[in-house]
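Comments concern the structure below.
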Amino acid sequence: MFRKHRRKVEDTLEGEEDVLEETADEKRIRMAKEMVEQLKRARHDEEESSEEEGEDDPIHAALYQALRTPTYRPFAEKVQVSPTSTPQWSKRSNGCPTCLSLSENNSFCIVGDKLCRVLEYDLEAQRLVHTFPGGRKTRFHKDHVLSVACSPTQFDGGNLIASGSRDSQIRIWDRRARECIANFKGHNDAVTGLAFREGTMQLISCSKDRTVKMWKCDELAYVDTLYGHVSAVHGVDCMAAEQPITVSQDSTARSWKIERETHLIFKDPTPPQSSIECVRMLDHQSFLTGAQNGSLYCWLTSLKKPSCTVPHAHTHTHHPSTPTPTPTPTSTSTSTQPPIKALYPCMSTPVHPSKVIQKSVIDRSSESRPQTHTMGQDMCVSTEPNWLVSIATCRNTNLAASGSSDGYIRLWKIGLRCSSIEPLQPIAQPGYVNGMAIASTGRFLVAACGTDHRLGRFDFERPPNAKNTLVVHPLIPESVRLDIDDSDDDEMSHGAPTSDLHTHAASDLPREEGELESDFDALSSSEAEESSVED
């Protein structure tokens, strides 16, 4: 018995020595092989489950593809506004608003101001619901709140709010408990932009310290830091894909590919290069940026240069004390549309809004690849271009808006593959438009306007009639249908780019349920005929 026990002990000691003799490289190879085997087993299980569920069925595949494809909505053609239209409602504020974020269900919006506060407005009740305090005498934000973001509604109904301040801190607020539940510290300078990744609780922040950081709000934890910008980062936006877009004072926009740990650089081609102030994504393959030189750029993620540019998108408006040049007798207009000379004062003659940009429609049928086109060179040249302070887009549509300090909110219609930008009728709005958002239904636009620029005071004189207020402007009347019907098929072929319009034809877009059912009926009838022929 003693000898047998001794042999067992010796065998175990030899096994332990073999394990201890394994080097780090051998251990790494062994773990990699185990991981590969686990992936193979998981893939095999998925294939078996898919065969059991019948995913090879063409009808099931078509329905799955239709659900994955975002629905295209041509909203720009349905906008009905006028320069003299009044806001749907407005709310005055003591502090200058600096940023705005609209919830996914369009029921409430969050505003940050220069009094270190975070304000929650109920858009349905049209009132201020709650004020999250701030200031030097509180334990919350000690300086101007420069960025806010609302969490997706899929998670607890969008209960969490993120706010970034000039004190370099990010605070997470609970709307229901009315308290601050977390404080993210990591930036070394002002937090200028915040954005939640769609469908997740992943928060992306940018700062003047030239870094972009990622956080997990469901776990209240830090994730990673992205480096690349050589100057202050001014804005960030992100959709469902893990590829955020950031803009910086270094005259570049960068698309970060988190999984590959790389990023693409988009440089401002307009000399002299200036700081890019704001960014908004139209879909996951196109985005808009606004620069300090007054230019509006439309980009495709597959091109390094902007596919379309509008220089001096917000022209300099004359001060009331400055005499406006009188029009010549030949410049009288007989059109029933109201002249917009006051809206574009650098023009010598009144022109219909759809004719402001002469090169808005471009024929790309004979082009082998997309090229860069500059819009509005025939329009005007302003000696004092207004900075583009904010941009708003309605996702997966052809509708966008830009704000500055010229007294108007400009609405834009984006063409196919960002080939053109056509101006729509602008909306009169005095002051600095520091934040904007368009409802997902396209029915209204929310703007946070103030007497000063969101990042500071750069003008000797404030814009005339400027007030610190939150305004809601109606865009599409309730009487206009928003669903896609047969009458919109022609618009779809000439509309704005969506996630699939860049790679597929307009005929590949998702259609109505009735059309899908008719296709499936035709498919089933053809299969039945084939089976009868075989019988």
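One finds no salt bridge joining K257 and E242 here, because no Lys/Arg side-chain nitrogen approaches an Asp/Glu carboxylate oxygen to under 4.0 Å. A salt bridge links D452 to R457: one of the charged nitrogens lies within less than 4.0 Å of a carboxylate oxygen. With salt bridges taken as basic N to acidic carboxylate O contacts below 4.0 Å, none links E179 and R171. For the pair R136 and D167, the salt-bridge criterion is not met [side-chain N within less than 4.0 Å of a carboxylate O].
Between L475 and L399, the closest side-chain pair of non-hydrogen atoms falls below 4.5 Å. The shortest side-chain heavy-atom distance between L296 and W412 falls under the 4.5 Å cut-off. T252 is listed as a side-chain neighbour of H229, based on a closest heavy-atom distance under 4.5 Å. Using a 4.5 Å heavy-atom cutoff, the side chains of L411 and I427 are in contact. Side-chain contact check for R254 versus F266: every heavy-atom pair is 4.5 Å or farther apart. Looking only at side-chain heavy atoms (C-beta outward), H234 and S248 stay at 4.5 Å or farther from each other. Contact of the V145 side chain with the R117 side chain is not registered, since no non-hydrogen atoms from C-beta on lie closer than 4.5 Å. Contact of the T246 side chain with the W256 side chain is registered, since non-hydrogen atoms from C-beta on lie closer than 4.5 Å.
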query: Step by step, would you call S275 with E277 a side-chain hydrogen bond (donor to acceptor under 3.5 Å, both in side chains)?
result: CA-CA 6 Å; S275 170; E277 299 291 318; 3.0 Å; yes

field: CA sep, side-chain torsions, deciding dist, call: W173, F140, ring-ring contact (aromatic ring centres under 6.0 Å, His included)
entry: CA-CA 11 Å; W173 308 84; F140 305 115; 5.2 Å; yes

Worked check of salt bridge (charged side-chain N to carboxylate O under 4.0 Å, His left out) between R127 and E120: CA-CA 9 Å; R127 64 186 182 89; E120 179 185 352; over 6 Å; no

query: Between H473 and Q429, does a side-chain hydrogen bond (donor to acceptor under 3.5 Å, both in side chains) hold up when you go through it step by step?
result: CA-CA 10 Å; H473 291 281; Q429 182 58 57; 2.9 Å; yes

- request: Would you please test N94 and N468 for side-chain contact (heavy atoms from CB on, under 4.5 Å) and show each step?
  value: CA-CA 7 Å; N94 296 330; N468 299 323; over 6 Å; no

- prompt: Between S103 and N105, does a side-chain hydrogen bond (donor to acceptor under 3.5 Å, both in side chains) hold up when you go through it step by step?
  reply: CA-CA 5 Å; S103 64; N105 56 6; 2.7 Å; yes

message: Does S107 form a side-chain hydrogen bond (donor to acceptor under 3.5 Å, both in side chains) with D122? I'd like the steps, not just the answer.
response: CA-CA 6 Å; S107 61; D122 189 344; over 6 Å; no

- prompt: Would R395 and T397 count as a side-chain contact (heavy atoms from CB on, under 4.5 Å) if you check the C-alpha gap in whole Å, the side-chain angles of each, and the deciding distance to 0.1 Å?
  reply: CA-CA 6 Å; R395 300 289 172 86; T397 68; over 6 Å; no

- prompt: Step by step, would you call D268 with S274 a side-chain contact (heavy atoms from CB on, under 4.5 Å)?
  reply: CA-CA 8 Å; D268 182 5; S274 62; 4.0 Å; yes

- prompt: Does the pair T289 and W299 meet the rule for a side-chain contact (heavy atoms from CB on, under 4.5 Å), with working shown?
  reply: CA-CA 8 Å; T289 61; W299 306 78; 2.8 Å; yes

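Considering every non-hydrogen atom in both L160 and D174, the closest pair reads CD2-CA, 4.4 Å. D237 and M281 make their closest contact through OD2-N, 2.8 Å (heavy atoms, listed as atom of the first residue, atom of the second, distance). Taking both residues in full, the closest heavy atoms of S93 and D113 are given as OG-OD2, 4.4 Å, listed atom of the first, atom of the second, then distance. The shortest heavy-atom contact between A253 and V247 is CB-CG1, 3.9 Å. Counting all heavy atoms, side chain and backbone alike, D189 lies closest to D209 at CB-N, 3.7 Å. Nearest heavy atoms, C238 versus A241: SG-O, 3.5 Å.
Judged by the 6.0 Å and 45° rule, R175 forms no cation-pi pair with F132.
A distance of 4.5 Å separates CE of M239 from CD of E198, quoted to the nearest 0.5 Å. To the nearest 0.5 angstrom, I245 atom CD1 is 12.0 Å from R280 atom CZ. Interatomic distance, CG of L424 versus NZ of K413, reported as 8.0 Å (0.5 Å rounding). Distance OG/S251 to CG/N293: 8.5 Å, rounded to 0.5 Å. Distance CD1/I161 to SG/C217: 11.5 Å, rounded to 0.5 Å. Atom SG of residue C99 and atom CE of residue M436 lie 14.0 Å apart, to the nearest 0.5 angstrom.
The main-chain N or O of G112 is found under 3.5 Å from a side-chain atom of T98 such that the two form a donor-acceptor pair. For the pair N386 (side chain) and H314 (backbone), a donor-acceptor distance under 3.5 Å is present. Listed for the S390 side chain is a donor-acceptor partner under 3.5 Å among the backbone atoms of V433. Proximity of a side-chain donor or acceptor of S307 to a complementary backbone N or O of C418 within less than 3.5 Å is detected. Of the possible polar contacts, none joining the T153 side chain to the E104 backbone as a donor-acceptor pair under 3.5 Å is found. Between the D218 side chain and the M201 main chain, no donor and acceptor come within less than 3.5 Å of each other. Remark: side-chain polar atoms of S207 are paired, donor with acceptor, to backbone N or O of A190 under 3.5 angstrom. In this structure a side-chain-to-backbone donor-acceptor pair under 3.5 Å is missing from S295 to P311.
A donor and an acceptor atom, one from each side chain of E77 and N398, are located under 3.5 Å apart.
In terms of the side chain to side chain contact (heavy atoms under 4.5 Å, CB included) criterion, residue partners of A182 (sequence neighbours excluded) are, by chain and number, I172, F184, L220.
Within 6.0 Å of CZ on R210 lie no more than 12 heavy atoms contributed by other residues, nucleotides or ligands.
When ring centroids are compared, F196 and W215 stay outside the 6.0 Å threshold.
The one candidate from L100, L119, L128 that meets the side-chain contact (heavy atoms from CB on, under 4.5 Å) condition with L470 is L100. Under the side-chain hydrogen bond (donor to acceptor under 3.5 Å, both in side chains) rule, H187 has a single partner from S165, S168, S205, which is S205.
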